[in-house]
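This report concerns only the one structure given below.
Within every chain, numbering begins at 1; the chains are lettered A, B, ... in the order of the sequence lines, protein sequences first and strands thereafter.
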Amino acid sequence: MNALDTTTPIGATLALLPELLLTGWSLVVLLVVAWRHEGERDSRFAGWLSFAGILLSLAAVLGMWHGDWHSEGIAHMVALDSFRYASATLILLLAGASTLLSLRYLGRQRLLAPEYYPLILFATIGMLVMAAATDLILIFLGLEVMSVAVYVLSGFDRYRRSSAEAALKYFLIGAFASSFLLYGIALIWGATGQTNLSLIAAQLAGGAPTMASLGLGLLLIGFGFKVSAVPFHMWAPDVYDGAPTPVTGFMATGVKAAAFVALVRVLDQGFIAQAHQWQPVIGVLAVATILVGNITALAQESLKRMLAYSSVAHAGYLLVAAWPGTAFGSGAVLFYLAAYCVTTLASFGILAAIEHVGSRTVLIDDLEGLFSKRPWGATSLAVCLLSLLGFPGTFGFVGKWYIISSVLREGSWILPVAVAVGSLISIGYYLPVITAMTFKPERTIDAHRQVAFSRAGKAIVAMAVLLILLFGVWPTALLNSAVRSARTLAPQAVVTEVP
Amino acid sequence: MTAPIIGLVWVVVALPLLGAVLNGLIAVLRPQAKSAVSVIGPGVLVGAFIMAAAVVVGLAGLPPDAPQVVRIWPWLVAGRLDVDIAFLVDRLSAVMLLVVTGIGSLIHIFSIGYMRSDEGYARYFAYLNLFVVFMLVLVLGSNMPVVFIGWEGVGLASYLLIGFWFSDEQNAAAGKKAFLVNRIGDFGFLVAMFLVWNHVGALDFSTVLGAPWVPGGALVTAVTLFLFLGCAGKSAQIPLYVWLPDAMAGPTPVSALIHAATMVTAGVYLVARTGLLFAAAPLSSAVVAGIGALTALFAATIGLRQYDIKKVLAYSTVSQLGYMFVGVGAGAYAAGIFHLVTHAFFKALLFLGAGSVIHAMHHAYHATHSHDDAQDMRNMGGLRRYLPVTWVLMWIATLAIAGVPPFSGFFSKDEILGAAFARGAAGQPIYYVFYAMLVVAAFITAYYMARLMAMTFHGASRATAAEREQLHEAPWSMTGPLIVLGIGSAVAGVLNLPTLVGGHAWLEHWLEPVTGIATRLSGFRPVAGNHEAVLVGLAVLVGVAGLIAGFRATTARALVPAREAAPDTGLARLVYHKFYVDELYERFIVRPIVTFSRVFLWRIFDQGVVDGVAVNGSARLFRGIGWLGSRLQSGQVGLYIVVFVVGAIWILRTILG
Amino acid sequence: MAEIELVLRHFLASIGYAHWILHVLLILPLVGAVGLLLSPGSWARWFTLVVAALEFGLALGLWFAFDPTNGGIQFETTIAWIPGWGISYHVGLDGISLFMVLLATGMMPLLVWGSWHSIQNRRRGYYALLLALKAAMVGVFISLDLFLFYCFWELLLIPMYFLIGVWGSANRLYAATKFVIYTFAGSILMLVAIIAMVWLVGRSTGTYSFDYDHLLSNSAALGPAAPWLFTAFALAFAVKVPLFPFHTWLPDAHTEAPTAGSVDLAVILLKMGTYGFLRFAIPFFPAFALSKTVSAIFVTLAVAGIIYAALVSMVQPDLKRLVAYSSVSHLGFVMLGIWGSTVESVQGAIMVMLSHGISTGCLFFLIGMLYDRRHTRQIADFGGLARVAPLMATAFVITAFASIGLPGLNGFVGEFLVLLGSFGRYPLAVTLAATVVIFAAWYLLWAVQRVFFNPMTNPENRTMRDVDLRELAVLFPLVFSMVWMGIYPQPFLRRTEAASRRYVEMVRPYLPPPANAAAAGAAAAVVEARP
Amino acid sequence: MPPAAPIAPLLGPALGLSAVLFTLGVAGVLLRRNAIVLFMCIELMLNAVNLAFIALAQLQGVGGQIMVFFVMTVAAAEAAVGLAIILAIFRHNQSVDLQNVNLLHG
């Protein structure tokens with residue numbers, strides 16, 4: 001319908017419309033906060049302003065999606081397909097939700113530098129680029145834009161040692177991993193002369209030379225880090241733990257979502273012919289991630305750390321979904337990402353509301369009696385945890401079911417069993433949280449008095465919970481949309497000539 | 001070919017059931033309404049007796065070989081199984097019907113006086129009526145499952161009545177023990193049913209008995225042996241007899257009705273009912289007779305040294321049941337049933353007489369606030385002066401059980417002895433041994449009965465003067481039934497007067513259509529007349545000798561009340577303690593099972609292995625691994641990098657193949 | 001009676017009962033639960049009682065509307081749910097599930113009555129959870145779509161978890177957690193198996209569907225995967241049954257749960273496992289499930305469980321724990337009956353499920369009443385109670401005897417049919433299982449003796465109240481049905497026969513032929529006499 | 001396939017050097033404990049990649065050189081942020097030794 005030629009300047013601009021809008025808007029916000037950066041009011045203002053920008057960008061994405069904008073010929077640099085639109089929508093929703101969840105938190109924790117919101121926007125831009133990129137260079141650029149912003153965000157509470165430490169760890173290991181990714185890009189380019197995924201696929205259709213395989217391996221290492229797959233996951237718990245909670249939520253969802261959609265696009269669009277090479281790697285990483293993430297989470301006493309490990313484990317499930325390399329599997333990635341992100345973000349949002357001012361670690365035992373004091377908050381958290389667990393009737397269950405389906409379809413037995421076993425282990429740490437909240441009496445008379453949801457936060461959490469339940473019961477529309485989006489991911493027409 | 005009255009046989013069962021329900025309601029709602037209970041309880045029984053008599057008369061008017069099956073309603077209809085609640089009215093069940101309702105009525109009437117002062121009066125009659133219901137179902141059942149209802153139901157009633165005074169731990173335990181030991185037998189009954197079902201595909205008696213069983217085959221032997229296990233439980237035969245002496249913890253009329261006259265004879269009835277099977281399984285029959293003979297002798301021996309008057313009678317019952325089993329084991333089913341009937345009379349009489357004695361003693365002790373044991377014969381003595389009616393009647397029963405002509409026991413016991421001997425003569429010499437055992441048992445029986453009489457009624461009274469003043473005969477409601485039973489004990493022999501003395505063996509002929517075929521099939525041949533005379537003579541001689549010996553031996557010694565008596569020593573002690581069989585069971589069966597269950601199955605296996613190692617262990621294992629993994633997450637960037645690089649190298653190696 | 005049935009059937013047909021009843025049964029408790037949460041807390045009990053009574057009243061129509069001659073699924077409805085994925089809301093009932101639904105709904109008013117005073121805190125939540133639990137239970141038994149089934153199967157854990165955890169007794173945390181993890185552990189692999197089945201069947205037929213009928217009629221396509229799939233299904237169901245040695249969650253859950261929780265566990269939850277075997281695990285994989293080895297394993301475990309649990313039950317110091325172990329023993333009979341694979345044994349198994357629900361449920365009610373009064377369940381704390389609480393003692397003794405399997409009460413019917421029906425195929429196992437008549441009497445009568453009989457040594461028992469009218473209203477229907485099912489089980493057997501026959505015919509080709517029984521002929525004249 | 005580049009005489013050695021440099025960087029990251037030094041090692045790795053791009057540009061055209069510019073830009077941005085973070089840590093710890101950076105663990 002609306003075909004764009006991305007090789008023309010106007011085409012490229014339109015193709016990048018959401019990113020460009022957001023970039024422009026973020027600069028405006030940056031400008032605004034340069035003038036208004038005193039106190040909570042200004043911070044909130046910046047927050048709402050950023051939120052408006054996100055909405056604007058979201059409108060652009062939805063418009064493009066609805067208008068079925070697609071590229072003429074192969075997509076250069078940026079994809080114009082439903083997969084991009086779907087993932088961009090998800091990312092923007094996450095960014096918006098994170099923004100709103102931060103409003104009250106920053107005020108409470110006296111993190112009143114309004115640069116926070118532009119940074120979120122920058123990270124979001126990076127994510128959008130990653131989700132859109134059909135070119136390795138663009139993926140790298142998007143990844144770096146995102147990462148640099150997130151490095152700063154994770155250390156945003158710079159007066160706290162743990163936050164600074166988180167930033168340092170994330171930065172050092174992140175940069176280290178980026179160089180692997182970059183080396184991979186270099187080798188692939190060297191082997192094929194291409195950085196566009198479809199063209200790479202065309203080059204490698206008959207088999208990959210060693211250099212390309214090596215490059216693929218290095219790419220996987222880089223992505224492995226970003227999605228926090230075992231054994232590249234060890235930064236994740238520490239960083240998630242140290243970063244301010246809304247940032248953690250954003251990292252655990254947005255960053256992971258962007259990394260996964262980019263990974264899936266790289267694998268399915270660029271290296272589908274090499275599936276026999278990367279499938280064993282992804283498979284082993286998936287099983288290891290599921291097991292390590294879940295088992296280590298069992299030993300956690302801090303809720304945040306537990307959620308961090310749980311998000312590592314969920315990366316494992318997502319890797320399982322990435323394993324088949326089919327439209328079905330990619331659909332599962334999208335769908336599970338949605339399920340996981342909605343749930344995880346809501347969990348971190350609730351956690352952010354529970355956290356004390358000052359000594360911030362929330363132990364699982366601290367939640368005792370939450371239900372009797374804050375029934376809705378506790379119930380929401382319980383629903384989230386059940387969804388993470390994959391309990392029927394929740395979003396997470398449909399997601400897991402979809403993942404298992406997509407893998408079983410390809411004839412793998414081990415991965416579905418690993419997912420099942422992982423879920424089983426995970427009940428060992430999700431359940432005690434619910435137990436603590438509901439079964440145990442509060443420890444002190446004024447326990448949970450400090451729990452504070454902003455109105456926006458409440459709305460976000462409530463919406464997330466409703467989505468969890470709604471898509472747990474009526475997932476049809478979303479399932480279909482995920483599959484349809486994923487279908488657009490197949491390598492585009494095999495082109496042998498470089499245009 | 002029906003008599004309409006037979007179709008109403010359900011009324012016989014329904015009446016006591018009505019009584020049980022009404023009395024039960026009274027017990028719950030108005031326990032003090034004793035007069036109503038006194039009317040309802042025995043009333044329904046008398047009504048049932050009249051109805052039963054009418055049914056039997058109706059049956060007598062029919063051709064002899066036409067058993068009447070009265071279907072009440074379909075019960076277990078599933079797949080090929082089609083079991084109705086249905087009653088079989090034939091000549092065998094007719095006899096039992098009369099015995100149960102007849103003796104039952106008398107004992108119910110007796111209970112009015114005996115239990116009147118008890119606070120659980122209504123409850124008592126509810127149970128007693130309930131018992132009769134189940135007993136009637138047992139004898140009337142036209143198929144094995146319906147018999148089984150009665151079979152277990154009487155166990156239930158027995159359980160409730162033995163533990164009637166449940167606040168005493170001993171009574172409660174005795175009730176439980178009775179039910180449990182019975183259940184061992186019921187297990188046999190069940191398995192027998194399964195075997196039958198598997199072979200025949202039906203469970204009603206006419207089909208089962210008419211099925212083609214291979215004579216002497218393993219299957220029919222197994223069926224009958226399992227059945228006999230059931231009978232041994234219900235009828236207190238070795239090795240399952242242990243519950244019956246304990247069952248004396250119940251009220252004495254209960255002992256008379258359930259544990260002497262009716263329930264315990266159910267085993268004998270069942271063997272007679274399934275006589276065709278036993279006849280086809282000579283091995284099982286020999287086992288039945290052998291166990292019977294052994295029990296007869298063994299229990300009689302224990303009876304020699306008991307001091308509790310009811311315990312003596314209990315062992316006597318066990319012993320007499322042994323006689324009956326020898327009879328049915330030998331193929332003389334009619335003889336077994338005959339002894340069942342006469343035994344019902346004289347043993348009920350003995351128990352009720354004992355009840356009368358206990359009632360008197362208890363009353364005396366109660367009035368004088370004494371705490372002595374009202375059932376210990378050592379505390380009695382010389383009671384004939386205070387309880388003359390009871391004394392006379394008890395002697396009649398004693399003579400009957402000792403086999404002194406012309407009292408009823410003489411005829412029935414004699415037939416069994418004759419049957420055993422005849423079997424021996426018919427080429428199964430083992431039966432000679434059984435015969436000899438029975439003869440010895442007969443002597444012992446006479447001996448301990450004489451001892452009982454001597455200790456209770458004769459000699460000097462060992463009660464205190466104050467107590468003696470309170471001793472008196474029971475009211476008419478109690479002595480009346482005693483007298484009726486006394487008459488029965490004396491003359492019930494005419495029911496089956498042997499041809500030897502010019503009788504017509506009426507009962508045998510009456511039962512002929514039911515048991516005759518089985519008797520013939522089992523190869524039973526009565527002994528010739530002249531042999532019989534010798535045997536009879538011997539039996540009488542033994543009985544009389546036992547009586548005299550027992551009486552003289554007892555009166556020869558000076559007896560002291562229980563509290564002053566020295567404990568027994570040596571063999572007497574062993575016998576007094578019933579050869580320590582209960583203790584052996586306790587030590588080698590009960591306690592090992594309990595200990596094994598508690599220590600091994602529960603603590604070690606259930607909690608230790610399954611729960612501890614497998615369930616909590618695996619949870620702890622995962623948690624432990626998690627803890628280790630968590631420790632690995634040391635916070636050191638260096639370590640993270642190392643792990644990262646290791647992973648990177650692995651990926652590169654893998655992807656390069 | 002027959003006329004009344006006929007009239008009722010016509011009436012029900014005229015209001016389209018068969019078309020809406022199952023949906024209503026499913027939704028009504030949920031609506032009730034939501035309404036409860038929205039209504040004032042002081043209404044909670046009455047509100048729930050009304051909903052429960054309404055639910056049961058509606059469900060009772062099933063008794064009449066059900067066609068006993070039809071062995072197939074009745075009241076069937078299919079509504080597309082996730083159409084592209086072959087998932088639909090497909091519900092229906094047959095003779096196997098009919099009584100489970102009736103039992104679940106029939107127990108509900110009693111549960112409310114039974115919890116009337118014993119639940120004091122957070123009443124609204126408690127009753128809302130009870131209602132939700134009920135909906136999930138009904139859902140499990142009427143689902144004919146595996147996705148739907150699995151959802152209900154798992155959803156049931158949540159209300160139960162909270163019921164145990166919030167309103168349970170001292171060790172409730174451990175028990176609730178153990179219950180959920182144990183059952184979740186069992187069933188998670190079933191999810192994989194269900195999906196795998198759908199794909200395997202889909203690949204060979206071209207139709208990807210979670211529909212029960214579709215999967216059943218094409219189960220041959222599973223081929224070599226069948227053993228694995230069966231194992232996954234069997235594990236889920238075996239835990240729920242619970243089949244020895246997967247039973248250790250049960251004593252804890254039973255013991256710690258509040259009365260209503262224990263009752264629901266006993267009455268319905270345990271039946272889900274055996275129901276699963278009857279409905280899914282065996283029909284899907286008959287060749288493997290009924291093969292010699294697998295049969296041997298299951299029959300051995302069933303018999304081992306029967307005897308083992310009885311022995312362990314005997315030595316329990318805690319009344320609830322004792323009854324909990326006795327459940328394991330009873331459910332072993334169901335398993336034996338299922339593998340007996342004759343019409344008699346399968347009908348017997350259903351009857352055991354039903355009667356175990358009633359008698360064990362009643363025992364739990366009684367123990368709950370004891371607990372309400374004395375705040376202890378230790379057998380040693382009681383003694384001689386029959387003196388102060390004769391009615392309670394009577395009810396307890398009757399129920400105990402029903403549980404022991406006294407003929408004339410409900411327990412016997414099922415156990416007898418199971419043993420009788422299985423004897424031809426497993427004579428040794430049945431003989432061993434039959435020994436439990438001894439042990440069952442042993443553990444229950446011993447408990448009865450120590451609780452209700454014996455001297456009253458503990459002075460605290462002296463002032464114990466007997467049951468009041470409300471409690472009587474709970475006990476009476478149960479005791480009444482025990483007697484009814486014991487002496488006239490025909491209405492129940494009649495309704496389960498066709499379905500059992502159908503089931504047996506379905507699995508018969510995979511069985512070794514049973515020992516043949518001689519045709520039975522009636523020799524005796526039959527006198528019809530119906531009072 | 002693009003037309004084979006005329007000659008790439010230094011391709012092998014340059015790629016080899018790039019690999020050596022990259023490995024040296026990895027080794028440095030593995031062995032050193034000072035955050036600054038670590039960061040420099042990472043820069044070394046990025047430059048190794050740059051070298052590889054340049055070397056491969058002989059084969060695949062000018063794209064390699066363009067990419068190097070991207071990489072340098074990104075490296076600069078990373079450096080800015082990274083040094084700021086290291087500074088923040090230094091404020092807390094008075095050292096940039098990574099062995100002291102283990103508040104978060106477990």
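- Aromatic ring pairs are classed by plane angle as parallel below 30°, tilted from 30° to 60° and perpendicular above 60°; the pair A:Trp401 and C:Phe210 is tilted.
- Only the side chain of C:Ala225 comes within contact range of chain A, with at least one heavy atom under 4.5 Å from a heavy atom of that chain.
- Closest non-hydrogen pair, A:Pro392 versus C:Cys151, comes out as CB-CA, 3.5 Å.
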Residue pair A:Phe371, C:Val166: steps toward the side-chain contact (heavy atoms from CB on, under 4.5 Å) verdict = CA-CA 11 Å; A:Phe371 183 80; C:Val166 179; over 6 Å; no

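- Using a 4.5 Å heavy-atom cutoff, the side chains of A:Asn480 and C:Trp85 are in contact.
- Taken to the nearest 0.5 Å, the CD1 atom of A:Ile427 stands 14.0 Å off from the OH atom of C:Tyr182.
- With chain A as the partner, the residue from C:Trp228, C:Tyr150, C:Trp167, C:Phe162 showing the most heavy-atom pairs under 4.5 Å is C:Phe162.
- Heavy atoms only, all atoms of each residue included: A:Phe439 and C:Ala176 are closest at CE1-CB, 3.9 Å.
- Counting heavy-atom pairs under 4.5 Å between each of A:Leu479, A:Val407, A:Leu386 and chain C puts A:Leu479 at the top.
- Residue A:Tyr402 touches chain C through its side chain alone, counting heavy-atom pairs closer than 4.5 Å.
- Crowding of C:Ile27 atom CD1: a count of heavy atoms from other residues, nucleotides or ligands under 6.0 Å exceeding 12.
- When heavy atoms are compared at a cutoff of 4.5 Å, A:Val483 approaches chain C solely by way of its side chain, counted from C-beta outward.
- Neither the backbone nor the side chain of A:Ile425 comes within contact range of chain C, judged by heavy atoms closer than 4.5 Å.
- A:Trp413 CH2: more than 12 foreign heavy atoms inside a 6.0 Å radius.
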Given the rule in the side-chain contact (heavy atoms from CB on, under 4.5 Å) test, do C:Leu173 and A:Lys440 qualify, once you have shown the distances and angles that lead to the verdict?
-> CA-CA 9 Å; C:Leu173 283 183; A:Lys440 293 183 182 170; 3.2 Å; yes

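- With rounding to the nearest 0.5 angstrom, the CG atom of C:Leu155 is 6.0 Å from the CZ atom of A:Phe391.
- The two residues C:Ile181 and A:Leu424 have their closest heavy-atom pair at O-CD1, 4.1 Å.
- Here the side chains of C:Ile82 and A:Pro475 are in contact, with some heavy-atom distance below 4.5 Å.
- The candidate from C:Phe152, C:Trp81, C:Tyr208, C:Trp153 with the greatest count of non-hydrogen atom pairs under 4.5 Å with chain A is C:Trp81.
- Nearest heavy-atom pair, C:Arg203 versus A:Arg409, reported as atom, atom and distance to 0.1 Å: NH2-O, 2.8 Å.
- In this structure, chain A has no heavy atom under 4.5 Å from any part of C:Ile194.
- Closest approach of C:Ala196 to A:Leu408, counting heavy atoms only: N-CD1, 3.3 Å.
- Interface summary for chain C: among A:Val419, A:Val473, A:Leu389, A:Val421, the most heavy-atom pairs under 4.5 angstrom belong to A:Val473.
- Shown here is A:Glu301, whose CD atom has no more than 12 heavy atoms of other residues, nucleotides or ligands within 6.0 Å.
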Verdict with reasoning, C:Phe184 to A:Leu431, per side-chain contact (heavy atoms from CB on, under 4.5 Å) = CA-CA 12 Å; C:Phe184 194 77; A:Leu431 208 58; over 6 Å; no

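- Between A:Pro416 and C:Ile195 the shortest side-chain heavy-atom distance does not fall below 4.5 Å.
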